[in-house]
Amino acid sequence: TDDFILGPPGYERVDRQDEQSNPRAAASSHERVFIVHGHDHPLKREVEILLTELGLQPVVLHRQTDEGQTLIEKFERNSEVGYAIILLTPDDVGCSAAEFAKSPGAPNMELRARQNVIFELGFFAGRLGRKRVCCIYKTGVVLPSDLNGIVYKEVRNSVEEIGYAVMKELKAAGMKIK
């Protein structure tokens with residue numbers, strides 16, 4: 001039959017037959033939260049714990065089975081979520097080519113999030129919409145300049161500093177919090 005389930009804004013139609021063969025598609029997207037992260041594993045773990053305590057299912061890509069898929073296939077397969085939390089942590093350093101040309105020996109370097117984190121931030125902003133994406137950033141990291149409207153929460157030491165604020169954003173986005 002032509003029976004379809006519609007997800008949150010930005011989702012594609014999912015055929016019920018595909019849902020039966022893919023248990024992840026059947027899981028409620030209102031319970032699944034994708035965590036995009038760089039190299040700050042303690043912060044990632046704190047966010048996983050916070051989400052679990054709220055009754056939500058954190059999705060961390062490296063914890064999911066590979067099933068012979070390429071990385072982008074695995075990413076796409078596990079991106080059926082209702083919300084994404086992006087951890088912008090100072091894992092890389094960089095500068096513009098113009099800045100480097102001015103002073104190649106000592107350019108003015110910036111602390112930046114990993115390139116994959118910025119890519120996945122854009123992916124989820126497009127797929128879920130800005131109101132279903134929250135960026136948690138460590139003090140000192142340069143924020144993307146062209147993504148105004150996305151929620152940013154600064155953390156210095158621990159997710160506990162912003163846990164309540166993140167919970168309010170999750171609730172406002174319609175996530176099922178216990």
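Computed from a prediction, not measured in an experiment: that's the story for all the values here.
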Separation between CD of Q57 and CE of M175, rounded to the nearest 0.5 Å: 9.5 Å
Derivation and outcome, salt bridge (charged side-chain N to carboxylate O under 4.0 Å, His left out), residues R127 and E80: CA-CA 10 Å; R127 182 176 186 120; E80 294 292 330; 2.4 Å; yes
Carboxylate-amine/guanidinium contact R63 E48, below 4.0 Å: yes
Side chain to side chain donor-acceptor pair (under 3.5 Å) partners of S103, counting only residues at least two apart: none
pair V133-V151: side-chain heavy atoms closer than 4.5 Å: no
Cationic N near anionic O, under 4.0 Å, K178 to E31: no
Shortest non-hydrogen contact from H41 toward G38: CE1-O, 4.0 Å
R132 side chain to G82 backbone, donor-acceptor under 3.5 Å: yes
Contacts of type ring-ring contact (aromatic ring centres under 6.0 Å, His included), residue F75, not counting sequence neighbours: F34, F123, F124
Full working for side-chain contact (heavy atoms from CB on, under 4.5 Å) between L87 and V117: CA-CA 8 Å; L87 304 181; V117 172; over 6 Å; no
T89 side chain near H37 side chain, heavy-atom distance below 4.5 Å: no
Partners passing side chain to side chain donor-acceptor pair (under 3.5 Å) against N108 (at least two apart in sequence or in another chain): none
Pairwise distance NZ(K168) to SG(C134) - rounded to 0.5 angstrom: 12.0 Å
Side chain to side chain contact (heavy atoms under 4.5 Å, CB included) involving L54 - partner list, sequence neighbours excluded: L50, L56, M167, L170, I177
Over all atoms of both residues, closest heavy-atom pair of L121 and C135: CD1-SG, 3.6 Å
Within residues 126-175 or reaching into it, pairs that qualify as ring pair (Phe, Tyr, Trp, His ring centres under 6.0 Å) - sequence neighbours excluded: none
Q69: side chain to side chain donor-acceptor pair (under 3.5 Å) partners, not counting sequence neighbours: none
From CA spacing to verdict: salt bridge (charged side-chain N to carboxylate O under 4.0 Å, His left out), K153, E161: CA-CA 10 Å; K153 304 287 183 197; E161 301 166 21; over 6 Å; no
Cluster check F119, L143: I/L/V/M/F/W/Y, side chain < 4.5 angstrom: yes
L61-L88 co-clustered via ILVMFWY side chain contacts under 4.5 Å: yes
Any residue meeting side chain to side chain donor-acceptor pair (under 3.5 Å) with E110, in chain and number order, not counting sequence neighbours: R112
Nearest-0.5 Å distance that lies between atom CD1 in I49 and atom CG in L51: 10.5 Å
Side-chain hydrophobic cluster, 4.5 Å single linkage: members besides V93: M109, L111
Partners meeting salt bridge (Lys or Arg N to Asp or Glu O under 4.0 Å) with E73 (sequence neighbours left out): none
Atom of V141, atom of A113 and distance for their closest heavy-atom approach: CG2-N, 3.7 Å
Close side-chain approach of I85 and I136, heavy atoms under 4.5 Å: yes
Atom of L128, atom of A84 and distance for their closest heavy-atom approach: CD1-N, 3.8 Å
Separation between CZ of R32 and OG of S79, rounded to the nearest 0.5 Å: 9.0 Å
Closest non-hydrogen atom pair between K131 and Y83, with its separation: O-CE1, 3.7 Å
Pair listing, salt bridge (charged side-chain N to carboxylate O under 4.0 Å, His left out) test, anchored in residues 35-44, at least two apart: D40-K138
Residues which pass side chain to side chain contact (heavy atoms under 4.5 Å, CB included) with R130, listed by chain and number, not counting sequence neighbours: I150
E67 with R77: basic N within carboxylate O range, under 4.0 Å: yes
Listed once per pair and sorted, the salt bridge (charged side-chain N to carboxylate O under 4.0 Å, His left out) pairs that draw on residues 81-96, sequence neighbours left out: D92-R114
Closest heavy-atom pair and its distance - I162, E154: CG2-O, 3.3 Å
Trace of the side-chain contact (heavy atoms from CB on, under 4.5 Å) decision for V59 with V33: CA-CA 6 Å; V59 177; V33 178; over 6 Å; no
Rounded distance [0.5 Å steps], NZ in K74 versus OG1 in T70: 10.5 Å
